[in-house]
Amino acid sequence: MPELPEVETVRRQLARSLVGCIITGVERVEPSMLLGVTPATLAEELAGARVLGVCRRGKFLLVKLHDEAYLTLHLGMTGQILLTATCTGWGPHDRFVLTLSSEAEPQPDGGPQDDEDHSEPCAHPGREEHKEAPAVLVFRDIRKFGRVEFGRGAPPARVTRLGRDAWVGEWGPEYVAACLHGRRAPIKAVLLDQRHLAGIGNIYADEILFAASLSPLREAGGLNEEEVERLAVAIRERLTEGVRARGCSISDFVDTQERPGTYQEVLQAYGRGGEPCARCNGTLQRTVVAGRGTSYCPACQR
DNA sequence: CCCAAGTCCTGGTTGC
DNA sequence: TGCAACCAGGACTTGG
């Protein structure tokens, strides 16, 4: 599942490869995944548009174009963004395809220089990605949960109504405490609610709660100060680890070069129901919380 | 047939 | 009682 670390992995690659490029055309678009514009208008708007930056907020990617335009991408649960130098023909799940050309004049500054929280300087400047501008961007999505949105003036409402970015956002234990205050919903449901902290999905929610030794079933408003502090630390740490691992490829996720991440190798809770707990050697239990499959250790997650 | 799960939407409940 | 905030559950999607 593309959650914050997976989307950040893709953002870094897109920022490196796309900034300064000109979109030359829209080769393909799945209308049911398109929001805010018709396919015809989208093609018209994007043709000739220069990419100014690539930002992220929660699980959303924002491709900033000239004239205050934003192309907003959400990967849903099986979405992939692939960059290739040549077109080798489309597959049945290629829902949105852009062609690109590099500019003669390189941008003075490659990275996204955005006001907001979504961008981190690229941490691996030496890594080989595309030196050349890619010719094609493919948004591949087996299920059609992904979304492509175009708008002008400001990012779309589905982005502006998000809470603070769960990784690079400015927040601390007090903010988390305020989010949880008075809530009777289970703590995991609040972690998954993008209006509070944006970017946490089902995998990282389970990992964060394991790291914080908190039961996903706990009533959110019932956490004490010390537990909130542990939770806040676990959120930053698990997401940082996820980004460092270049994402979790337990299901379909791959980066723009079709390479998997490695976070699936260090999962302690997600998907491990019935297996021994790495911390206390108890048995992880599987249940359903907030309508989502949930694994946790009843012995040491309290 | 059920399961996986992102986001949006609806309808019922809670509490001031 | 009225109303808003809150919360659970369903729709959507397709391959395993």
Side-chain angles (χ1 to χ4, degrees), chain A residues 1-11 29-36 56-62 72-81 90-96 139-149 151 155-163 165-167 177-209 216-223 239 242 247-254 263-264 267 269-274 284-296:
Chain A
M1 264 68 61
E3 303 178 27
L4 190 153
E6 291 73 33
V7 178
E8 175 63 16
T9 299
V10 170
R11 186 202 67 78
V29 59
E30 164 60 48
S32 68
M33 289 170 57
L34 194 56
L35 296 168
R56 180 189 58 73
R57 176 92 170 266
K59 304 171 193 172
F60 288 79
L61 282 168
L62 293 104
T72 304
L73 305 173
H74 193 288
L75 300 180
M77 64 181 283
T78 55
Q80 306 173 346
I81 303 280
W90 320 130
H93 304 123
D94 295 347
R95 313 292 185 183
F96 180 60
F139 184 170
R140 184 172 292 170
D141 190 11
I142 296 174
R143 301 185 202 152
K144 298 175 181 171
F145 277 26
R147 291 293 179 266
V148 175
E149 184 161 12
R158 48 175 38 74
V159 171
T160 56
R161 68 168 165 245
L162 292 173
D165 189 87
W167 187 48
C179 292
L180 305 184
H181 180 74
R183 303 274 174 158
R184 305 189 60 186
I187 178 70
K188 179 169 173 176
V190 178
L191 286 182
L192 292 174
D193 188 337
Q194 307 296 301
R195 294 171 299 181
H196 298 117
L197 285 174
I200 300 167
N202 203 36
I203 296 172
Y204 290 92
D206 276 9
E207 294 304 304
I208 286 163
L209 289 166
L217 304 165
R218 279 281 295 281
E219 196 170 289
L223 269 61
L239 295 176
C248 179
S249 296
I250 200 166
S251 62
D252 313 79
F253 174 73
V254 290
Y263 196 74
Q264 67 281 2
L267 291 175
Y270 179 84
R272 299 196 59 223
L284 297 178
Q285 188 171 327
R286 196 199 118 86
T287 182
V288 174
V289 180
R292 298 292 173 250
T294 298
S295 299
Y296 73 108

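- Across all strands, Pro186(A) comes closer than 4.0 Å only to sugar-phosphate atoms, never to a base (heavy-atom distances).
- When rounded to the nearest whole Å, the span between CZ of Arg292(A) and P of dC8(B) equals 13 Å.
- The nucleotide whose nearest atom lies closest to any side-chain atom of Phe60(A) is, among dT7(B), dA5(B), dG6(B), dT7(B).
- If you take CZ of Arg183(A) and C1' of dT14(B), they are 13 Å apart, rounded to a whole angstrom.
- Here the separation of dG11(B) from dT1(C), taken at their P atoms, is 23 Å to the nearest Å.
- At the heavy-atom level, Arg161(A) lies under 4.0 Å from the strands shown only through sugar-phosphate atoms.
- In this structure, Met1(A) atom CE and dC3(B) atom C1' are separated by 12 Å, rounded to whole Å.
- Listed by residue number, the members of residues 142-149 of chain A with any heavy atom below 4.0 angstrom from DNA chain C are Ile142(A), Arg143(A), Lys144(A), Phe145(A).
- Both Val288(A) and His74(A) lie close to DNA chain B; mapped to their nearest nucleotides by heavy-atom distance, the more 5′-ward contact belongs to Val288(A).
- In terms of phosphate contacts, Arg184(A) brings a side-chain nitrogen or oxygen within less than 4.0 Å of OP1 or OP2 of dG15(B).
- Proximity of a side-chain donor or acceptor of Glu149(A) to a complementary backbone N or O of Thr72(A) within less than 3.5 Å is not detected.
- Between chain A and DNA chain C, the heavy-atom contact criterion of under 4.0 Å yields a 5' to 3' nucleotide range of dC6(C) to dG15(C).
- To the nearest angstrom, P of dC9(B) lies 12 Å from CZ of Arg195(A).
- Counting to the nearest Å, the C1' atom of dG6(B) and the CE atom of Met33(A) are 12 Å from each other.
- Taking only side-chain nitrogens and oxygens, Gln194(A) never comes nearer than 4.0 Å to OP1 or OP2 of dG6(B).
- Distances shown here put every side-chain N or O of Tyr204(A) at or beyond 4.0 Å from the OP1 or OP2 atom of dA5(B).
- Leu35(A) has its CG atom 11 Å from the C1' atom of dT7(B), to the nearest Å.
- Contact between the side-chain N/O atoms of Arg286(A) and the OP1/OP2 oxygens of dA4(B) is found at a separation under 4.0 Å.
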